[in-house]
Every structure is written in structure tokens, then in C-alpha cells.
Enquirer: 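Before I ask anything, let me first share the structure, which is written out below as C-alpha cells.
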Amino acid sequence: MSNIATLTQAGIIGPTAKLSPADQQIIESLTPTEVQALISIRAKLTPEFMSNNFSGTQSSLGIVF
Amino acid sequence: MNNVSHSRRLRDKIRIARGELDAVANTLWSHPRLREIYPEFLFRNHSVIRSSVPLMKTAAERCDKMLGTDPLADGLLAYFRKHIPEETGHDDWVLDDLETLGYRREDVLKRLPPPSAAALAGAQYYWIRHVHPVALLGFIAVLEGTPPDVAFFESTADRIGVPRRAFSNLLLHGKLDPQHRDDLDRTLDSLPLTESHHELMGISAFQTINLLTQVGREAVQ
């Protein structure tokens with residue numbers, strides 16, 4: 001099963017998500033352990049959440065290093 | 001992905017995973033009661049930022065012990081030795097901001113930090129001590145990856161009616177972090193990273209995003 005299929009089945013990627021080819025490539029390059037980590041933390045990789053499509057006014061939380 | 005630089009690989013992973021964190025950031029900074037929430041945000045910010053230098057010192061100590069046996073130890077140690085003095089005292093900037101808003105330092109320091117902040121730093125101690133100190137670069141890449149926008153935060157201070165000096169931590173980091181982000185990218189690209197190192201940094205970054213999102217969400221609640 002592809003990473004995208006695994007993450008979609010786990011609800012990490014929304015069923016109607018339209019991922020760009022670049023994002024698909026990044027997701028498919030993740031190792032099984034990284035994929036499991038994303039599932040474990042219940043990440044959301046839906047396009048409306050992904051920052052390259054995010055239209056918010058300020059994407060820095062301001063908690064800095 | 002083999003022709004992509006080390007820094008780009010890490011940045012790409014962070015970009016695909018940080019959407020919820022960005023959404024929480026937007027909720028925070030556009031919140032109608034931001035003036036009321038801001039001190040609580042600063043407290044939580046301090047709870048995280050106070051761990052920056054101690055974490056790097058822990059990683060540097062581990063690297064020092066690995067010299068001669070680990071191919072990353074030398075490069076990582078040089079990075080941490082340069083970055084520790086650059087980050088020293090930044091937790092005081094947050095306390096300064098709180099003091100400007102009328103909160104006494106000693107009272108802030110007496111408060112128990114939130115478990116989410118402890119988990120955020122605590123995870124890094126685990127990775128550094130029990131796996132490999134390169135994990136900390138995933139943490140740093142998330143926290144320094146989106147430098148605060150100086151103009152935005154100056155106007156935010158004006159909008160909510162607090163002195164700009166109560167935003168000193170964000171304004172100073174807005175000026176410093178672009179350089180620090182570039183320094184980290186240069187370090188990443190200079191290290192002989194393996195697939196295993198990339199995996200560890202990726203997991204560290206994903207976990208950092210998750211816990212940082214939690215810290216931010218708690219400040220908004």
C-alpha cells in the first residue's frame with residue numbers, strides 16, 4: 001500500500017484531498033516509521049491545512065527558539 | 001528524493017505536516033480577545049523557550065562524548081557551540097515582555113509550566129540521550145522555520161493597544177531567526193546525513209509540530 005493510501009485510510013489525509021505532485025512525492029518518500037509517527041500524532045495533511053495552500057494572515061505561532 | 005539537499009528534505013517534511021500549527025497561529029493572532037490572551041501566550045512561550053539552551057547544551061555534551069566515533073559529532077558540536085551563545089538569554093526577553101504588561105518575573109517563574117511544554121522539551125531529551133543528538137535539528141527547524149513577521153507584530157501590538165516593547169521577544173526573533181534558519185540549513189547540508197538520520201529528524205519534527213500545536217491551542221482556549 002502506498003503512503004498516501006495508508007494515511008488516507010487512517011484519516012490523516014482527507015478523502016477528497018487533492019495533493020500536488022510535489023506533495024505526493026514528499027509523502028511517498030516518507031519511511032514507514034515516519035508514516036506511523038504521523039498517524040500516531042493524528043496529523044492533518046489535508047490541503048486546507050497544508051501551509052502551501054494556507055491563506056491565513058500569520059503562520060508563525062511566535063513560540064520561537 | 002536523493003537529489004534533494006538535506007535541508008530541503010527536512011523543510012519539505014515540515015511543510016506538509018505543519019498546517020494545523022499554522023491554523024492555530026492564525027486563530028491566536030486574529031483572536032478578538034488577543035489583548036486578554038497574550039500574557040497567557042507569553043507564559044506558555046516562556047515555558048518552551050526556557051528549554052532551548054539547556055537542550056543544546058545536552059546535545060553538545062552528547063556530541064562531545066561521540067567525537068571520533070560518530071561522523072556527525074564534530075559538525076553538530078560546532079553548530080551547537082556557535083548557537084548556544086546566540087540563544088542565551090532569550091527566555092529573559094519573554095519575561096521582560098510579561099513585566100512590561102505588569103506581571104512580576106518571580107510570579108511567572110513560580111507557575112508550573114504546562115505538561116504540553118514539558119512533553120515538547122522532554123521528548124528532545126529522550127531523543128538526544130537515548131538515540132542521537134541530530135534529532136534536535138528537527139525541533140530547531142520547526143521553531144526557527146517561520147520567523148515572526150516584524151511588521152505584522154508591530155501592527156498587532158498597536159492594534160490591541162499594548163506597548164511594542166511587550167512584543168520584544170517576537171520582534172527581536174523576527175530580525176534574528178532568518179539568519180539562524182539559514183545557518184541551520186547550511187549545517188544540515190554540510191553533515192554526512194544518512195537515511196536513518198533523516199528519519200529521526202523527521203519524526204522529531206513531526207512530534208515537535210504536534211506538541212507545539214497543543215501548546216498554542218491551550219493558549220487560545
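Numbered from 1 within each chain, the chains take letters A, B, ... in sequence-line order.
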Enquirer: Mark yes when over 12 heavy atoms from residues, nucleotides or ligands other than B:R159 sit less than 6.0 Å from its CZ; otherwise mark no.
Expert: yes
Enquirer: Would you find a donor on one side and an acceptor on the other, under 3.5 Å apart, between the side chain of B:N210 and the backbone of A:I41?
Expert: yes
Enquirer: Taking atom CD1 of A:I13 and atom CD1 of B:I16, what is their separation to the nearest 0.5 Å?
Expert: 7.5 Å
Enquirer: Within a 6.0 Å radius of atom CD on A:Q9, are there more than 12 heavy atoms belonging to other residues, nucleotides or ligands?
Expert: no
Enquirer: Got a second to check how far A:I63's CD1 is from B:I49's CD1, nearest 0.5 Å?
Expert: 9.5 Å
Enquirer: In Å and rounded to the nearest 0.5 Å, what is the CZ to CG distance from B:R18 to A:L45?
Expert: 13.5 Å
Enquirer: About how many Å separate NZ of B:K13 and OG of A:S29, when rounded to the nearest 0.5 Å?
Expert: 6.5 Å
Enquirer: What residue, out of B:L170, B:I140, B:V48, has the most heavy-atom pairs lying under 4.5 Å from chain A?
Expert: B:I140
Enquirer: Taking atom CZ of B:R165 as the centre, does the number of heavy atoms from other residues, nucleotides or ligands within less than 6.0 Å exceed 12?
Expert: no
Enquirer: With no hydrogens and no angle check, is any side-chain donor or acceptor of B:N45 less than 3.5 Å from a backbone partner on A:G62?
Expert: yes
Enquirer: Drop me the distance from B:E195's CD to A:T31's OG1, to the nearest 0.5 angstrom.
Expert: 9.0 Å
Enquirer: Heavy-atom cut-off 4.5 Å, strictly under: side chain, backbone, both or neither for B:E87 against chain A?
Expert: side chain
Enquirer: Using non-hydrogen atoms only, which part of B:L212 is less than 4.5 Å away from chain A: side chain, backbone, both, or neither?
Expert: both
Enquirer: Atom NE2 of B:H173 and atom OG of A:S60: how far apart are they, to the nearest 0.5 Å?
Expert: 10.0 Å
Enquirer: Under a 4.5 Å heavy-atom cutoff, which of B:H180, B:E199, B:H46 has the most pairs with chain A?
Expert: B:E199
Enquirer: Side chains of B:V215 and A:L61, heavy atoms from C-beta outward: is any pair under 4.5 Å?
Expert: no
Enquirer: So which part of B:H83 gets closer than 4.5 Å to some heavy atom of chain A, the side chain, the backbone, both or neither?
Expert: side chain
